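Please read the structure below before turning to the comments.
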Amino acid sequence: MDCNRIAGILNEMGTLLELGGENPFRCRAYHTAAQALEGLPRDLVSMIADDSLSATPGIGEAMYKKIVQLATTGRLGEYEELKRKTPPGLIALLRVPGLGPKKIKVLRDELGIRSLADVKAAGESGKIADLKGFGARTQTKILEGIAFVESMGERILLSSADRLVQPILAAVRTHPKVIRAEACGSLRRRAETCGDLDVLFSSDDPEAVMDAFVKLPDVATVLAKGPTRSSVRLIDGVQCDLRGVSDTEYPFALHYFTGSKQHNIAIRRRAIERGFSLNEYALSGPHGPVQCRDEAELFAKLGLAYIPPELREDHGEIEAAEAGTLPKLITRDDLTGTFHCHTDYSDGANTLAEMAAAAQARGLHYLGIADHSRSARYANGLDIGRVHEQWKAIDALNKKFGSSFHLFKGTECDILADGSLDYPDELLDGFDYVVASVHSHFHLSQEEMTARLVRAASNPRVTMLGHPTGRLLLAREGYAVDLSAVIDAAAQSGVMIEINANPHRLDLDANWARRARAKGVMIVINPDAHATDGLDDLDYGVAVARRAWLEANDVWNTIPSNQMAKRLAERRRVR
DNA sequence: GCCGTTTTCGGCCCGACTGTTTTCAGTCG
């Protein structure tokens, strides 16, 4: 069983224990251990083998045994026992705003509630308002919360969050009483999805800003409003929290509201260890508050190098910041070009020339064209004749570009059900590079899917694997596959793995990309663009790479453009 | 359940807001 699956089980156990009224610190230990597993820098098997797992913070003796048991047998008696005695419908209740473990326990003990439907019925008949500690207002809030849970998914894509927060941030920034403002939370950390939007500002008169905020046109409902903090539901259904502080407090609040929660807990613990106390307003030492102009100064006061928001997950960044070993994270400017783009030869919207012009306009020096292969009929995949046609067209354009720009001839070649490729070897040898991707037969068993991808990842004609899990964020799970085995195969044969920068995919994700790189796999950031503006998605791919701790050297398409043709040719020669 | 310059027990991040309460518990981030 892989570490993400085990993390899921530990998270579920923590939640089940909460519902059982267990000591909250014990519950948290499960969530902490799950978090530690998700952020493992290397693959679980090797970390068990060399005993580094037991030394991982957050994983103690008891948790270690549970993890090893799950990893080796896939089963855990305590987990099955917990699931057996908790009605499955109770977990959904935790998603209702205003309902936490304590209230759920009362509902369960007093009214015998076992599901969302039970709560709804009890609320509608007025039984909840009669319970001790509840009341009419609470009952209404719970019913509203249920309506919300039923009408909306919980999270939104990072790209949607970017779009929604922009007008709000602009309105806050232009308010005359606002000094500084920033979007915080998972959006600032560039997490792949966001649960809500967090906006922070500094001002001498925060209350005036709050008054204006709750009246913005995008606001549907005011959930809470105080002098320093307000929450609203936007018309789109997304929750947006606004917080105001003084400008002196701003750096502390910026750090605090950026999170993650686990990172903050670890930082506060560190502050206490060094004789300070840290909250969202100040860092206080034995001689009073310590002034900091920005986050960098705050980190410095705690003996740490500046930690970029993308790394703040308590996945080892604090230890690295102390030791001075934080990576010099890749930036968008490091990308010299990119691969895996589509044109109107297959299912893209734009021509070769238009895609090339768009790439140049975005400061790229080369672009790899990878239209679909012949089996991808739904996507107008190219038969062999049309591949040759496209090659001629690319040659003609390259002649025009001279040394100023270059189009590379690639293909996004389907990996067939048995792991073989969709074109004959002779044709594959004519491409500058080959992206190999799965687009069909998603429902193979894990063994079959793993064997299929391992075969592709071991094929010397494959340059890089495309979107290796096939997931679509918030829409479709990735197919069942043992990614560790695929990564091992890619490392063995020198095949690269793509970070697909399409905000619906972001596949590989940051945790797997980090582990793949640790195994020696070269990463490549590709937009999978189906139109010219799809090239802008590269920013999202860079965000994933940064969250994966990658430096420019870890990513193939940072190689200087004048060396790229040679480097691709070298790879083909070693077949 | 984890963890240790208060080290094998007794803590565990901390403040805002809400609603039900007369001083606080629960939830949330």
Side-chain angles (χ1 to χ4, degrees), chain A residues 10-11 13-14 16-18 21-36 54-67 78 82 93-107 128-142 144-145 184-189 194-200 206-207 210 222-232 239-245 249 252-253 255-284 302 314:
Chain A
L10 294 184
N11 266 326
M13 288 179 76
L16 292 169
L17 288 167
E18 279 171 45
E22 184 55 73
N23 170 0
F25 296 107
R26 184 170 173 235
C27 304
R28 188 204 286 170
Y30 282 83
H31 295 298
T32 305
Q35 152 91 3
S54 56
T56 302
I59 297 175
E61 213 180 310
M63 215 57 94
Y64 178 79
K65 284 184 188 156
K66 294 188 215 300
I67 293 166
E78 286 169 77
L82 266 175
L93 299 191
L94 277 174
R95 278 172 39 214
V96 177
L99 273 189
K102 300 276 168 58
K103 285 210 174 88
I104 291 173
K105 185 158 167 41
V106 173
L107 290 172
I128 291 177
D130 296 336
L131 292 172
K132 185 171 163 53
F134 289 66
R137 293 275 303 147
T138 302
Q139 180 171 272
T140 309
K141 285 227 161 189
I142 289 172
E144 284 169 3
C184 304
S186 44
L187 184 141
R188 183 160 181 248
R189 299 198 312 278
C194 299
D196 62 2
L197 308 174
D198 292 290
V199 176
L200 171 73
E207 205 159 0
M210 289 296 166
V222 180
L223 300 170
K225 181 171 176 289
T228 67
R229 181 181 148 189
S230 298
S231 287
V232 300
Q239 183 173 327
C240 179
D241 295 345
L242 184 69
R243 340 239 178 172
V245 295
E249 295 163 336
F252 307 100
H255 174 262
Y256 177 71
F257 292 125
T258 297
S260 67
K261 187 177 173 180
Q262 295 295 332
H263 169 90
N264 286 352
I265 289 173
I267 289 284
R268 284 189 177 183
R269 199 184 302 128
R270 182 180 178 87
I272 291 169
E273 284 163 13
R274 301 169 87 86
F276 295 102
S277 130
L278 177 65
N279 62 25
E280 54 260 59
Y281 305 112
L283 177 68
S284 306
L302 297 172
D314 196 20

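Only this structure's heavy atoms are used, side chains among them; waters, hydrogens and symmetry mates stay out. Just so we're on the same page: letters track the sequence lines, and every chain starts at 1. Predicted model only: the values in this text are computed from it and were never measured.
Comparing atom distances between the A:P227 side chain and each of B:dC17, B:dG1, B:dG29 picks out B:dC17 as nearest. The side chain of A:D196 sits closest to B:dG29 out of B:dC12, B:dT27, B:dG29. For A:R28, taking side-chain heavy atoms from C-beta onward, the closest of the listed nucleotides B:dC13, B:dG15, B:dA16 is B:dC13. Of the listed nucleotides (B:dG15, B:dT27, B:dT18), B:dT27 has the atom at the smallest distance from the side chain of A:K102.
Using a 4.0 Å heavy-atom cutoff across all strands shown, A:T228 reaches sugar-phosphate atoms only and no base atom. Using a 4.0 Å heavy-atom distance criterion, A:I267 is classed as making no nucleic acid contact. When heavy atoms are screened at a 4.0 angstrom cut-off, A:R26 is found touching base atoms of the nucleic acid. Counting non-hydrogen atoms under 4.0 angstrom, A:A129 reaches nothing in the nucleic acid. When heavy atoms are screened at a 4.0 angstrom cut-off, A:K66 is found touching the sugar-phosphate backbone but no base atom. In this structure, A:K132 reaches neither bases nor backbone, as no heavy-atom distance under 4.0 Å exists between it and the strands shown. Within 4.0 Å (heavy atoms only), A:V106 reaches no atom of the nucleic acid at all.
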Under 3.5 Å, sequence neighbours excluded: what are the donor-acceptor pairs made by side chains of residues 58-67 of chain A?
residue, atom, partner, partner atom, Å
A:K66, NZ, A:E78, OE1, 2.9
A:K66, NZ, A:E78, OE2, 3.0

Considering only nitrogen or oxygen atoms on both sides, find all protein atoms under 3.5 Å from nucleotides 3-10 of chain B and state each distance.
residue, atom, partner, partner atom, Å
B:dC3, OP1, A:G58, N, 2.6

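Proximity of residues 255-266 of chain A to DNA chain B (heavy atom under 4.0 angstrom from any strand atom) is restricted to A:Y256, A:K261, A:I265.
Side-chain atoms of A:D241 stay outside donor-acceptor range of the base of B:dG29, with no qualifying N/O pair under 3.5 Å.
No donor-acceptor contact under 3.5 angstrom links the side chains of A:D314 and A:H263, judged on distance only.
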